[in-house]
There are 2 protein chains.
Amino acid sequence: MKEKRVFIFNPGPAALPIPVLEEVREEMLSFRGTGMSILEISHRSKEFEEVLNTAVLRIKRLLNLNDDFEVVFIQGGASLQFAMVPMNCAQPGKPIAYVDTGYWSTKAIQEAQRIVDDVCIVASSKDRNYTYIPKEIPIDDNFSYLHITSNNTIKGTQWWKFPKTGNIPLVADMSSDIFSRVFDPRPFGIIYAGAQKNAGPAGVTIVIIRKDMLERIPKNLPTMLNYTTFVEKNSLYNTPPCFAIYVVEKVARWLEENIGGVAAMEEINRKKANLLYGYIDSQDFYRNPVQPEDRSWMNVVFNLPSPELEKLFVEEATREGLVGLKGHRSVGGCRASLYNGVPLEAVEVLVDFMKEFARRNG
Amino acid sequence: MKEKRVFIFNPGPAALPIPVLEEVREEMLSFRGTGMSILEISHRSKEFEEVLNTAVLRIKRLLNLNDDFEVVFIQGGASLQFAMVPMNCAQPGKPIAYVDTGYWSTKAIQEAQRIVDDVCIVASSKDRNYTYIPKEIPIDDNFSYLHITSNNTIKGTQWWKFPKTGNIPLVADMSSDIFSRVFDPRPFGIIYAGAQKNAGPAGVTIVIIRKDMLERIPKNLPTMLNYTTFVEKNSLYNTPPCFAIYVVEKVARWLEENIGGVAAMEEINRKKANLLYGYIDSQDFYRNPVQPEDRSWMNVVFNLPSPELEKLFVEEATREGLVGLKGHRSVGGCRASLYNGVPLEAVEVLVDFMKEFARRNG
């Protein structure tokens, strides 16, 4: 079966590797010879437990997580983590600290403020419309943790050097750049990532918990909001989102076996980003507003000379089979999301289209 | 493509209609001509919004829900609803009331006790090992709500006549019998159902909210734990579990268009249950411990003369392509779950196998 496919630049849910989708299709009526769909098998079957355990192992290998870390799968998206992080990780009498780099970190801050009285915004790039990443982050030894958003999908910025926090655990929303580049996980107390950008479909959030963080979790949190529940029961306290975990395992396998791991993926992502930013910087029709050293490799935002041209650009691109290029509704403009599932070829086709469009409309 | 399939009696995740699985397979690389998988399309695309809105409409039609009711999709399973119900629906100074009919209602009660001080267990069938449904339910005008578990998967009981509660809203966990039979929804303030038994795959919970219940929701709940968030944003406050909702829509369509609605489904379920209980009551090798008028049509539990024979029964049945017949780990024995996705044919094959096994081992 060959379907017409388009080039997908969606901000999330986003492009998935075609071999993954083909396998899902292949197995839909009978998973691994069981005679049952992955949608029908018990989450307590040995087949599903193997899927889950393999997903955890692959994630640990891909991110160089040693035995200090637990990997669990939670529902509710990063938005639920905005509440679970302060519920689980705020310590009495110790403020929780946040860096504000735009839309999603602002949401994380607002949610934390519902949970905890003492929320400290230690740095912000709001002064220049979130077009850069703050470099001076004041760290107080009394913080419970420091929260950052490692990649900012809407403004197109990314942390390339994480803040040095000493003994204060870093907490990061890595929803939009997990598995896209190599980093040292050891300073991170919690990493969470909704799967639907770089890791799989919507419906599951990967949460990585450094074991020492478990000690601070207060008693009597609701069961499903307590990280301990997920760690102690290997994400099987209740029925997990089996299908989403199954796809995450396949994406992680693709990353290990087809791509060659995160370092190899990083090289591909570097090429994709360099190609697009290189073109944007070489001409005047398209403009990227982000401070160059803070540019995101995952979400390349750009403006055209007018909103009318931006609208036309998105329309014509869609007709040419280049989809998902409209900027976030809160900011307008254009955006190409270049997550792991987007091949270099797609960026080449996009740049060719951009050149051609500029020629006709410049 | 024809795969070997088995007869699935899993307690959940559970059998799905084959036409649904075939459609999912068919569309996996290109959903409705978009050139994108349902796993890749934006939750804010018109294509996905149509899926979601159609799912809501079908659920409202199937359950005869008038405009007093909202239907939303929440992640976290029924287990998260065990916390969200008291968080959202307990009123100050008014106890929340629960009927204890076994494992899952006990879990709901324990979770409620973490959230609210005044939890009143108004009736229980614990005295006879949860083999019946309590008939006398004392109702106090001061209750915030009365919570029941409409079908009990582990003990194999089901409510056939819901308690009369006057002005007190009923709240029901219908995870294991939603869409299986006709009922009057009007006395229910909240109905919630994890999809993975009668309505779709794991990873989404259908929550039905009578609009007057929204008025009692306290301010400043965490955003993702507040029913208002889901109602106001049509389940699209953040990225929902798109794939699971997409399958729920297909299962609801199958129920409307292939089966002919819930009343027609009820007739099929009646036949399935009568066939199996009829056989069990006709002989002495298999025994069902439940008080006859409280027997579940969804989960038929039965014992053989010894645990050794039960083990052998499950093993041989599995080899014959009849899977999922082991009783819950907390009670042992055997259990056949006859959810909507299980065809009458499967029950016929099961009963034939049971007869043959009894002949050989009786």
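- Interface residues of residues 220-242 of chain B toward chain A, defined by a heavy-atom distance below 4.5 Å and sorted by number: B:Asn220, B:Leu221, B:Pro222, B:Thr223, B:Met224, B:Leu225, B:Tyr237, B:Asn238, B:Thr239, B:Pro240, B:Pro241, B:Cys242.
- The interface of residues 105-114 of chain B with chain A, defined by heavy-atom distances below 4.5 Å, comprises B:Lys107, B:Glu111, B:Arg114.
- Atom CZ in B:Arg25 sits 8.5 Å away from atom CD in A:Glu26 (nearest 0.5 Å).
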Residue pair A:Val6, B:Thr34: steps toward the side chain to side chain contact (heavy atoms under 4.5 Å, CB included) verdict: CA-CA 8 Å; A:Val6 296; B:Thr34 56; over 6 Å; no
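- Note on B:Gly76, B:Ser37, B:Ser30: by heavy-atom pairs under 4.5 Å with chain A, the leading option is B:Gly76.
- Partners of B:Phe243 under the ring-ring contact (aromatic ring centres under 6.0 Å, His included) rule, at least two apart in sequence or in another chain, are A:Phe243, B:Tyr246.
- Smallest separation of non-hydrogen atoms from B:Gly33 and A:Lys4: O-NZ, 3.4 Å.
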Take A:Asn10 and B:Met36 through the test side chain to side chain contact (heavy atoms under 4.5 Å, CB included) and record every step on the way to the result. CA-CA 10 Å; A:Asn10 282 343; B:Met36 294 180 269; 3.5 Å; yes
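- Interface remark: B:Ile115 contributes side-chain atoms only to the contact with chain A (heavy atom separation under 4.5 Å).
- In this structure, the portion of A:Ile8 lying under 4.5 Å from any heavy atom of chain B is its side chain and not its backbone.
- Not a single donor-acceptor pair under 3.5 Å links the side chain of A:Gln75 to the backbone N or O of B:Gln75.
- With a 4.5 angstrom heavy-atom cutoff, A:Leu21 touches chain B via backbone and side-chain atoms both.
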Start with the C-alpha gap between B:Arg329 and A:Arg44, add the side-chain angles, then the distance that decides, and say whether side chain to side chain contact (heavy atoms under 4.5 Å, CB included) holds. CA-CA 10 Å; B:Arg329 60 196 189 284; A:Arg44 307 212 180 272; 3.4 Å; yes
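- Comparing A:Gly12, A:Gly194, A:Pro13 by how many heavy-atom pairs each has under 4.5 Å with chain B, the most go to A:Pro13.
- Near-neighbour residues of residues 77-86 of chain A relative to chain B, defined by a heavy atom under 4.5 Å from a heavy atom of that chain, comprise A:Gly77, A:Ser79, A:Leu80, A:Ala83.
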Worked verdict on B:Arg5 versus A:Glu40 for side chain to side chain contact (heavy atoms under 4.5 Å, CB included): CA-CA 11 Å; B:Arg5 289 272 299 174; A:Glu40 301 174 306; 2.7 Å; yes
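- If you tally non-hydrogen atom pairs under 4.5 Å between each of B:Ser42, B:Pro201, B:Gly203 and chain A, the highest count goes to B:Gly203.
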